[in-house]
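Quick notes on the structure that follows.
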Amino acid sequence: MKTLLLIRHAQSHANAGGAPMPDRELPLSDTGRRQAAELPDRLPEGRRVFVSRMRRTGETAAPYCARHGIGPAVLPCLDEFSYLPFGLIARLRPAERRVLAQDYWQRGDVRERAGQETDSFADFDARVEAFLQRWHEWPDGSLMFGHGIWIALLAWKLLGFQAVSSADMAAFRAFQTALPMPNAAVWTLSGRRREDLRLTFRSAPEAA
């Protein structure tokens, strides 16, 4: 039996309603830094640490790494789903950004890519699939610092659902938005083979 811990990043500048920034550059908010500081008390000691390429996962992992003298490794397959280009949203108010996001999901085109720095939904699904194909490669007990929608798509796929059509995309969006996913939440992924992997909720900050 192997177990990996999946940790959603602590509250980011965007989660707190801050002005738009390029996705990879988003830092933690003040609340997020407090959440990250208390995370080591909720995690087992001395484990391998993996982060996405987004700054907010590295900042979330930093207090744990500092406490245990560990250097994190970067795994691109943990990256966030980025589907709205920064150039498009940079000057928009939050309500206007929400409209763009709603329009994207309503179109339901799994191949749509709005810019060079963005993903299609098919790209995102392929990243999560790549993780599942390699999950056995990482040491037992490893800590994976990632993103809420990523964990949601992993859960969706482990339930046996696909993410290859417009209908799949719409169904996943309904599932994802209904799934509780507080910042700095910890999930456990465990199993012997991919076919019997289980994802279970472990813990969240007291003031999530």
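These numbers come from the heavy atoms of this one structure, side chains and all, not from hydrogens, waters or symmetry mates.
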How far does CG of D168 sit from CZ of R173, to the nearest 0.5 angstrom? 15.5 Å

By side chain to side chain contact (heavy atoms under 4.5 Å, CB included) - contacts of R127 (at least two apart): D79, D119, F124

If you group Ile, Leu, Val, Met, Phe, Trp and Tyr by side-chain heavy-atom gaps below 4.5 Å, do V99 and I89 land in one group? no

Interatomic distance, NE2@H147 vs CE@M181, rounded to 0.5 Å, equals 12.0 Å

H136: what forms a ring pair (Phe, Tyr, Trp, His ring centres under 6.0 Å) with it, not counting sequence neighbours? none

When every non-hydrogen atom of F86 is compared with those of P22, the smallest separation belongs to CD1-N, 3.6 Å

H9/S52 under side-chain contact (heavy atoms from CB on, under 4.5 Å): CA gap, chis, key distance, verdict: CA-CA 10 Å; H9 63 79; S52 77; over 6 Å; no

For D41, give me all partners under side chain to side chain donor-acceptor pair (under 3.5 Å), at least two apart in sequence or on another chain. R67

If hydrophobic clusters are built from ILVMFWY residues whose side chains come within less than 4.5 Å, do F175 and F161 share one? yes

Quick one: closest heavy-atom pair of A10 and A36, and the distance? CB-N, 4.1 Å

List, one per line, each side-chain donor-acceptor pair under 3.5 Å for residues 198-205, sequence neighbours excluded.
from, atom 1, to, atom 2, distance (Å)
S203, OG, R42, NH1, 2.6

Taking E59 for its side chain and L28 for its backbone only, find out whether a donor-acceptor pair lies under 3.5 Å. yes

Mind listing the closest non-hydrogen atom pair of A114 and P85 along with its distance? CB-CD, 3.6 Å

Taken to the nearest 0.5 Å, the spacing of L197 CG from L189 CG works out to 5.0 Å

Is there a side-chain contact between L6 and L154 (heavy atoms, below 4.5 Å)? yes

Measure from the side-chain N and O atoms of N15 to the backbone N and O of S12, and report whether any donor-acceptor pair falls under 3.5 Å. yes

Which residues pass the side chain to side chain contact (heavy atoms under 4.5 Å, CB included) test with A171, not counting sequence neighbours? W156

Can you confirm whether T3 sits close enough to D140 that some side-chain heavy atom of one is under 4.5 Å from a side-chain heavy atom of the other? yes

Same cluster (ILVMFWY, side-chain, under 4.5 Å), L158 and M1: no

Not counting sequence neighbours, which residues clear ring pair (Phe, Tyr, Trp, His ring centres under 6.0 Å) with Y104? List them please. Y83

Residue pair E80 / R56, side-chain heavy-atom distance below 4.5 Å: yes

Give, for atom SG of C65 and atom CZ of R47, the distance between the pair rounded to the nearest 0.5 Å. 14.0 Å

If you compare all heavy atoms of A16 against all heavy atoms of Q11, which two are closest, and at what distance to 0.1 Å? CB-OE1, 3.6 Å

Quick one: salt bridge (charged side-chain N to carboxylate O under 4.0 Å, His left out) partners of R134, sequence neighbours excluded? E137

List the steps and the verdict of side-chain contact (heavy atoms from CB on, under 4.5 Å) for M54 and D23. CA-CA 7 Å; M54 278 60 181; D23 199 14; 3.8 Å; yes

L43: which other cluster members, linking ILVMFWY side chains closer than 4.5 Å, directly or transitively? L5, I7, L39, V49, V51, Y64, I70, V74, L143, F145, V186

Would you check if F121 and E112 make a side-chain contact, meaning some heavy-atom pair closer than 4.5 Å? no

Contacts of type side chain to side chain contact (heavy atoms under 4.5 Å, CB included), residue A122, not counting sequence neighbours: R111, S120

Partners of R194 by side chain to side chain donor-acceptor pair (under 3.5 Å), sequence neighbours excluded? E129

Rounded to the nearest 0.5 Å, what's the gap from NZ on K157 to CG on D125? Could you check? 3.5 Å

Any chance you could measure I151, atom CD1, to R8, atom CZ, to the nearest 0.5 Å? 8.0 Å

What is the minimum heavy-atom distance between A14 and L26, and which atoms define it? CB-CD1, 3.8 Å

With a 6.0 Å cut-off (strictly less than), is the heavy-atom count around CZ of R93, excluding the residue itself, greater than 12? no

Let me check something: do V128 and V164 share a hydrophobic cluster, defined by ILVMFWY side-chain heavy atoms less than 4.5 Å apart, either directly or through other members? no

Applying a strict under-4.5 Å side-chain criterion to I, L, V, M, F, W and Y, I'd like to know whether M21 and L88 cluster together. no

Under the side chain to side chain contact (heavy atoms under 4.5 Å, CB included) rule, collect the residues that match up with S142, sequence neighbours excluded. L4, R48, F50, W138, P139, M144

Partner set under salt bridge (charged side-chain N to carboxylate O under 4.0 Å, His left out) for E45, not counting sequence neighbours: none

Looking at W187, F131, F81, which hits ring pair (Phe, Tyr, Trp, His ring centres under 6.0 Å) with W150? F131

